[in-house]
Amino acid sequence: MKLAYSPASPFARKIRIAAMELGLFDRIEFIVPIKAIPVTENEEYARNVSPLRKIPALILDSGQVIVDSYVIAEYLDELGGGKLIPASGPAKWQVKTDHSILQGMLDALLLCRYERMLRPKELLWAGWADDQFKRAWDGLARYEAHPDVLTRPLDIVQIGIVCVLGYLDFRFPDCGWRKTFPKLDSFHEKMMQRDSVKSTVPPPA
């Protein structure tokens, strides 16, 4: 298997953490760097891997391509014995719902960064960027208010939370999330003791 990714991508970080926790990391060849920046052409990647030009993408030995970080995580979880995603019942649907929320939080943070960092200054829509950031912030408040999510055995939701918090540290280091969300801060510190989390921290910007 090959994973198209970037070390800076929180979506790809999720897959790297999951692969380590499932004992599958050594079975994956990591293809880096893959550029997935707006208004940057990458026709070979669009043609051969994903027309959306998004990462991560998992390329199986058969040539089949699996895209979307949750779908990739689900595939790896099936290979690894089903440790991160419940197989059925209410727990499965809650995990999928929580993961969708976290995925949306990361999407919002990415859009906020693109608006502030990549859009020409004369076209900047500050209110829109602020709204995107608030969506992620409100998501953090949700998990701060439900600490049971933070204390159960490791699952894909906890991995997703780690990736959101890590992306805030990476791209929004002065946002003050630790002071506002002390339960999430404690959770993050605990998770940083895991090799899978510590070793996948994005490189300095």
Give a yes or no on whether [X] atom [atom1] has more than 12 heavy-atom contacts from other residues, nucleotides or ligands under 6.0 Å away.
X    : atom1 : result
K92  : NZ    : yes
E44  : CD    : no
D195 : CG    : no
W125 : CH2   : no
K96  : NZ    : yes

What distance separates [X] [atom1] from [Y] [atom2], expressed to the nearest 0.5 Å?
X    : Y    : atom1 : atom2 : answer
R194 : M20  : CZ    : CE    : 12.0 Å
S199 : I17  : OG    : CD1   : 8.0 Å
L76  : I28  : CG    : CD1   : 5.0 Å
L106 : S69  : CG    : OG    : 8.0 Å
R119 : L124 : CZ    : CG    : 8.0 Å
Y45  : K54  : OH    : NZ    : 11.0 Å

Tell me whether [X] contacts the main-chain N or O of [Y] through its side chain, where contact means a donor paired with an acceptor under 3.5 Å.
X    : Y    : value
Q64  : I59  : no
T97  : W93  : yes
S186 : K183 : no
S9   : S6   : no
E21  : D155 : no
R53  : A46  : no
D77  : I85  : yes
E115 : A126 : no

Quiz item: Would a hydrophobic clustering, with Ile, Leu, Val, Met, Phe, Trp and Tyr connected at side-chain separations under 4.5 Å, put L111 with V164?
Solution: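 Unlinked, L111 and V164 end up in two clusters.
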Self-check item: same_hphob_cluster(L58, L52) at 4.5 Å side-chain heavy-atom cutoff
Solution: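 Shared cluster, no.
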Answer yes when [X] and [Y] have at least one side-chain N-carboxylate O distance shorter than 4.0 Å, and no when they do not.
X    : Y    : value
D169 : R178 : yes
R116 : D130 : yes
D131 : R135 : yes
R142 : D138 : no

Quiz item: So, for F181 and Y143, is the gap between ring centers shorter than 6.0 Å?
Solution: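 Here the rings of Y143 and F181 have centres that are no less than 6.0 Å from each other.
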Quiz item: Do F25 and F30 have ring centres separated by under 6.0 Å?
Solution: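 For F25 and F30, the ring centres are under 6.0 Å apart.
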I'd like to check [X] versus [Y] (side-chain heavy atoms, cut-off strictly below 4.5 Å). Are they in contact?
X    : Y    : value
I156 : D98  : no
Y75  : V71  : no
Y5   : I31  : no
Q193 : K198 : no
P7   : P202 : no
I66  : L60  : yes
F187 : Q158 : yes
K14  : L102 : no

Quiz item: Taking atom types as modelled, is there a side-chain donor on Q103 or D107 under 3.5 Å from an acceptor on the other?
Solution: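 Their side chains do not contain a donor-acceptor pair, so the 3.5 Å distance test is not met.
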Quiz item: Just checking, is any N or O donor in the side chain of T200 or R16 under 3.5 Å from an acceptor N or O on the other one?
Solution: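 Distance-only check fails for T200 and R16.
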Closest heavy-atom pair and its distance - [X], [Y]:
X    : Y    : answer
C112 : F133 : SG-CB, 4.0 Å
L184 : E144 : N-OE1, 3.0 Å
V65  : A57  : CG1-CB, 4.3 Å
I15  : A73  : CD1-N, 3.7 Å
F11  : P56  : CB-CD, 3.7 Å

Quiz item: By ring pair (Phe, Tyr, Trp, His ring centres under 6.0 Å), which residues pair with W177, not counting sequence neighbours?
Solution: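 Per chain and number, W177 pairs via ring pair (Phe, Tyr, Trp, His ring centres under 6.0 Å) with H188.
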Exercise. Check step by step if side chain to side chain contact (heavy atoms under 4.5 Å, CB included) holds for L140 and M105.
Key: CA-CA 9 Å; L140 295 180; M105 291 163 63; 3.7 Å; yes
